[in-house]
Each structure stands twice: as C-alpha cells, then as structure tokens.
Amino acid sequence: MDLKELHELLDGLPDEERKAALAKYLTPPAPVVGTEAKPPVKGERMLEAGSVEQRFVLSDALQGSRLPADAIDKIKASVIAADCTEAQIVARVKETSDIWDAVLAARPQPLPGQRVTVSEVGDENRRLALDGLFGLPVPADGPKPFRSLREAFAAFTGRSPFASEDFNRALLAESVGAYASLEDARSLRESITSSTWSNALGDSITRKAIAEYSDPSLQAWRLITSDTPPISDFRTQRRDRIGGFDVLETVGQGGTYPALTSPTDEEATYAVTKKGGVEDLTLETIANDDVGAVQRIPRSLGRAAALTLYRAVFQTTLAANALIYDGVALFDSTHANTTAAALAEAGIGTLRNLMVTQTRLGETSGFLMATPKFLLTPPELFVTAFKLTQSGSSVAGGEAASNTQGAGPIPNPWQGLVPIEVPIWTDANDWMLVADPKTIPTIEIGFYQGRQEPEILTQDAPAVGSVFTADKITYKVRHIWGLTVLDYRGFQRGTQ
C-alpha cells in the first residue's frame, strides 16, 4: 500500500489520531532474534482479475476482519482491478487491518465496564453545583450544590488547591467524578483550560450579584421613573420639552388673526458616569475553604450597585431637594409643589389639588390634570400611609372615620394610591406624592449601552496584576448610568 492509499484510508480522522496511526504503522518493527524472513514463494498461480476464484479468496481473507465498510470497499476495488496471487490478496488485507488496528489503538479507550461520553453535561452540572454554593436556585433533577470551595476547585480543575500532599485524595476523586455526568460515574470530560475555574466562579458570582441587585426592595425607583433609555456615549444628554400655546383670542368678522405666542421650552441635561469598585478573592481564602467570605463577594457587589442607584433617586434627588433643569430646587414655592401638610386624608387632598391645578409649560392658566399614583413615606409614616391607601372605607389620621349621616361607611377617596416606604429617609415628617410616569414625565435614568444590570469583571491572568503580585483574583463591579428630573409638576411634597 502506497502513501496515497494510506492517507485515503485515514481520511476524515482527527489530526492527532491520524498522526498517531501513521507513526505506529510506519515505524518498522524490531527484528525478532533467531528468526529469518521467509523467501517469497516462486511460481504461485495468478488469479484472473474479477474472477470467481479471486473473489472467493478475497472474501475468505476478509472473513473476521474488523475493517470498516469503506476500507473493505477500497480493498475489493483495488484487488479485482488486476491479476494477483492469493498471497498478495492476503497481504493486502493484513496490511489494511494493521493500519486500522493502529488507528483504534491511538483512540482513547473506555475503562472496564464504563462507557465513554464526550459532552457538555459535566461542565453544566459543575456550574449548577457552583451556583448552588452561592444560594442560587438549582433544578430539582440537577446536581447537589458543592459543599465547599475545595470540592468545587477539585471538580473543576481535577487537582488539589494545596501544594502539599495532605489533601484528601478521596474527596478529590469524589468531586471530579460526582459532577462529571448524571448518567455515568466516570466520563471523558471536555478539555479544561487554565481559566475554567476562575471563569466559572466569576460567572456564578455575576449571577448572584445580579440577583442581589434585582432585590425588589431596591428597585422601587423603577415605579416612579418615566424612561430608562440606552445611552451610547458619555456626552451630555439633552431632553427638550416644548410647551403649548396659551388660550386662543377671539377674531371678529373680517378681523385679522393675531400671531400666537411661540411656545417656550425646557431643557433637562445629564451625562452617564461610571460607578464601581473592586473586591478580592485570595489564595488563602480558597485554601482555608472560607465559603462565607466568597459568598459575601456577590452580595456586596450586587447590593452596592443597587443601593447606589436607589440612593441617587430617593436620597440625592428627592430627599435632598436637588437643583433641577431650571436652576431651582425640585420642591420650591415657585414650583407650587411643597406645603406644610400632615399625612392624613386632608393632607393628601391638599397635595392632590396642587398637582392637578399645576399649569402646563407655556400656559398662563389651565390645569395639569395629572393625578398622584404613588405615596412615598419614611418608615415612621408607612403604617399611616398603608391604612390611608388600602382601607376600603374612609380613614382620618389613620383611623376609621364615622359617617354622621348614617348611610354606612364612607368610601376611601385614596384607595388605590401605591404606598412606597423609603427606609433611607431620615426626616420623619416629610412625605411625597408622585404622578403616574406614564401620564407626565418625572425622572429619566439612562444606562450606558442599555445595560441596566451591573457588570462583574474578573482579573485572573496568572502572570498579570494582582494574581501575580498578591496571589488573589480581583472582581470589579462597574455600573454606568446617569439621571435627571424631567418635570417638577409630577411631584408634591408635604412637611408636617
């Protein structure tokens, strides 16, 4: 068999298997001491090409061989194409069988009594088990969560996190095998790169951090926000609002229509900025199996990102009464949106009337007709707010009101307002009403490239940065956004 035929037989095999088979087949065998090669038999009869006798000899030579169908077809095609002897046919079949045996020997073999499977099931199970270590939900039919960092490290890397030999080898074997597949105790796992462990740990930390960031108690800002557009750059964003025309003048018979006063406009501006920080995972933390310290990383990263945005809306903007687009504080007498009113039915009524009678931009009279939807209070006033908004009947000062007309309970006029408790407010007397953001602009929060969740970035290159200088993996949280008040008319504040 020439090299061309040999390569045709091995065509389609992976490069490593092809090289191993060629090397094994083409390496000349070592001579056996005390034996000599037998001389070829002279005068052996030639079998006619394609004859019945030739086909019979070929079939007999192929009997019991483990050659694949395509190799057998190639042998048959080459043999019946020319006259040949029986010895030549047997030699050709043996030569091809030897090549195929070399191919099989170069392939990985299953362990006794085991099946070899190559899949991503094992990797997915390990990732789910790592998620479980951080308290993330795992499917009911999924793997058990890892019990420790050591177990997770061993399952991902197949080695001990220690340099010494006192590591529990039984635990190492159990960790590697237990998460390899749901079907097999052992399997041929996919290749594991040097970054697999740190990447998987970073992925689980990211998922847990985003889960912490999405805590509903820190997402109340979404209720009172008008828009959350994607922002493509760090330049100043401008939001122009064009006012309306005032009332139309009467035009007499044959009279000239007067020119209307052009609407005024308001422009709110802001730019997105980066917020972030870093947290480290040291080699000692993994070696000491400090699960609590590792579990704290995603909680602190995710909560810090959520709390930063929460404070920017409820504390820095609303409670601190920030300056807005017109250079005046959000709640100001010139805006007619702040008054001394206690939280009660009458107080809500007072602020509601102030909101409804606000004049629109560009008008000198008229009304806004935007009604309040949210009632914001500090913790000290939340119980009163809950009673005022959730009771089916009228309440006064947080207690049920009596009907002097004897016609049954008085309907609660503020049932349907949504109470929002703001725990970070320290003034126990201030409370606010906010209009429905769908009916009037309130606050806009723009996110860089539309990414509303924080990013968790991993610095784990073994020869660079903190991994090299301090034996630690650094996780960085990055959140890029900006906000502005679009219109003060949807906000009312009561101070009791």
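Quick caveat, the model's predicted, so the values are computed rather than measured.
Leu417 places a side-chain heavy atom less than 4.5 Å from the side chain of Pro372. By the 4.5 Å heavy-atom criterion applied to side chains, Asp436 and Thr371 are not counted as neighbours. Side-chain contact between Thr269 and Arg239 is absent, with no heavy atoms from C-beta onward closer than 4.5 Å. A heavy-atom distance below 4.5 Å is found between the side chains of Phe447 and Leu309. You'll find the side chain of Val278 stays beyond 4.5 Å of the side chain of Tyr475, heavy atoms only. In this structure, the side chains of Leu433 and Leu375 come closer than 4.5 Å at one or more pairs of heavy atoms. Here the side chains of Tyr310 and Pro423 are in contact, with some heavy-atom distance below 4.5 Å. Using a 4.5 Å heavy-atom cutoff, the side chains of Phe234 and Ile480 are in contact.
Side-chain atoms of Trp425 never come within 3.5 Å of backbone atoms of Trp431 as a donor-acceptor pair (strictly under, hydrogens ignored). A donor-acceptor contact shorter than 3.5 Å is absent between the side chain of Gln237 and the backbone of Ile231. With hydrogens and angles ignored, the 3.5 Å screen pairs a side-chain donor or acceptor of Ser300 with a backbone N or O of Ile297. Looking at Thr317, its side chain does come within 3.5 Å of a backbone N or O of Ala312 through a donor-acceptor pair. In terms of modelled atom types and a separation under 3.5 Å, the side chain of Tyr448 and the main chain of Gly482 share no donor-acceptor contact. Between the side chain of His479 and the backbone N or O of Thr308 there is no donor-acceptor pair closer than 3.5 Å. A donor-acceptor contact shorter than 3.5 Å links the side chain of Thr442 to the backbone of Ile224. Between the side chain of Lys387 and the backbone N or O of Phe382 there is no donor-acceptor pair closer than 3.5 Å. Gln358 places no side-chain N or O within donor-acceptor distance of the main-chain N or O of Asn353, the cut-off being under 3.5 Å. In this structure, Asp332 contributes its side chain and Val328 its backbone to no donor-acceptor pair below 3.5 Å.
Taken to the nearest 0.5 Å, the CD1 atom of Ile210 stands 9.5 Å off from the CD atom of Glu455. The distance from atom CD of Gln492 to atom CG of Leu354, rounded to the nearest 0.5 Å, is 5.0 Å. Interatomic distance, Leu218 CG to Phe314 CZ, rounded to the nearest 0.5 Å: 10.0 Å. Note that CG of Leu318 and CD of Gln315 are 9.5 Å apart. Values are rounded to the nearest 0.5 Å. Atom OG of Ser217 sits about 6.5 Å away from atom CZ of Arg303, to the nearest 0.5 Å. The structure places CD1 of Ile456 at 5.0 Å from OG1 of Thr206, a figure rounded to the nearest 0.5 Å.
Among all heavy-atom pairs drawn from Ile324 and Tyr488, the shortest one is CD1-CB, 3.9 Å. A pairwise comparison of heavy atoms in Pro229 and Ile445 identifies CD-O, 3.5 Å as the closest pair. Scanning both residues, Gln390 and Pro419, for their nearest heavy atoms gives NE2-CD, 3.4 Å. Taking each heavy atom of Leu136 and Ala211 in turn, the nearest pair found is CD2-CB, 4.2 Å. Residue Ser226 comes nearest to Leu486 through the heavy atom pair CB-CD1, 4.3 Å, listed as atom of the first residue, atom of the second, then distance. Contact detail for Phe374 and Ile420: the closest heavy-atom pair is CD2-CD1, 3.8 Å.
Glu453 is linked by a salt bridge (Lys or Arg N to Asp or Glu O under 4.0 Å) to nothing, counting only residues two or more places apart in sequence or in another chain. In this view, Asn321 and Ala329, Leu330, Phe331, Arg493 satisfy the side-chain contact (heavy atoms from CB on, under 4.5 Å) rule, not counting sequence neighbours. Legend: residues meeting salt bridge (Lys or Arg N to Asp or Glu O under 4.0 Å) with Glu421, ordered by chain and number and at least two apart, are absent.
A salt bridge links Arg489 and Glu266; the closest N-O separation between the charged side-chain nitrogens and carboxylate oxygens is under 4.0 Å. A salt bridge links Arg296 with Glu279: at least one charged nitrogen is closer than 4.0 Å to a carboxylate oxygen. For Asp233 and Arg235, the salt-bridge test passes: some basic side-chain N is under 4.0 Å from an acidic carboxylate O.
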Q. Where do Ser204 and Asp131 land on the side-chain hydrogen bond (donor to acceptor under 3.5 Å, both in side chains) test, with the steps shown first?
A. CA-CA 5 Å; Ser204 292; Asp131 283 351; 2.6 Å; yes
**Q.** Audit row: Ile443, Thr484, side-chain contact (heavy atoms from CB on, under 4.5 Å) steps and yes/no
**A.** CA-CA 6 Å; Ile443 294 175; Thr484 187; over 6 Å; no
Q | Evaluation steps, side-chain contact (heavy atoms from CB on, under 4.5 Å), between Arg478 and Leu457 | A | CA-CA 8 Å; Arg478 182 174 66 192; Leu457 308 174; 3.7 Å; yes
**Q.** Residues Tyr270, Glu444; criterion side-chain hydrogen bond (donor to acceptor under 3.5 Å, both in side chains); working and verdict
**A.** CA-CA 9 Å; Tyr270 73 97; Glu444 176 175 307; 2.6 Å; yes
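The closest side-chain donor-acceptor pair between Asp280 and Thr474 falls under 3.5 angstrom. Side-chain N/O atoms of Ser232 and Gln449 include no donor and acceptor closer than 3.5 Å. Checked by atom type, the side-chain pair Glu267/Tyr325 shows no donor-acceptor distance below 3.5 Å.
His335 and Phe491 have their aromatic ring centers separated by at least 6.0 angstrom.
The one candidate from Asn429, Asp427, Asp430 that meets the side chain to side chain contact (heavy atoms under 4.5 Å, CB included) condition with Thr495 is Asp430.
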